[in-house]
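Structure incoming, see below.
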Amino acid sequence: MAKSCSTSVYEEDSRADTDMNFVMTGAGKLVEVQATAEQNPYEEQQLLKMIAIARKGVEGLIAQQRTIFKPG
């Protein structure tokens with residue numbers, strides 16, 4: 001199971017096998033993907049899985065933002 005980690009938490013981040021950052025639009029399109037294998041290289045399937053995990057996380061954040069920042 002993937003565990004999200006703020007890059008400001010260096011100790012935890014530095015022990016990660018892979019460091020990935022994603023930026024997506026509200027429509028779910030990728031704007032930016034940064035991925036670095038910190039320890040061992042990863043397979044393409046692992047990258048696709050992480051994109052899916054990131055998408056779910058971004059969708060959750062967007063849903064929260066839409067609830068908090070309702071127009072009107």
So, T25 side chain and A27 main chain: donor-acceptor pair closer than 3.5 Å or not? yes
Can you tell me how far OH of Y42 sits from CE of M20, rounded to the nearest 0.5 angstrom? 4.5 Å
Kindly compute the distance separating CE (M24) from CD (E59), expressed to the nearest 0.5 Å. 8.0 Å
Hey, is the main chain of E43 close enough, under 3.5 Å, to the side chain of Q46 for a donor-acceptor pair? yes
Is there a path from I51 to L61 through hydrophobic residues (I, L, V, M, F, W, Y) whose side chains come within less than 4.5 Å of each other? no
Test of understanding: clusters of I, L, V, M, F, W, Y form through side-chain heavy atoms closer than 4.5 Å, transitively. Do V23 and V58 belong to the same one? no
Any Q45 side-chain heavy atom under 4.5 Å of L48 side chain: yes
To the nearest 0.5 Å, tell me how far E38 CD sits from D19 CG. 5.0 Å
Between CZ on residue F22 and CE on residue M50, distance to nearest 0.5 Å: 5.5 Å
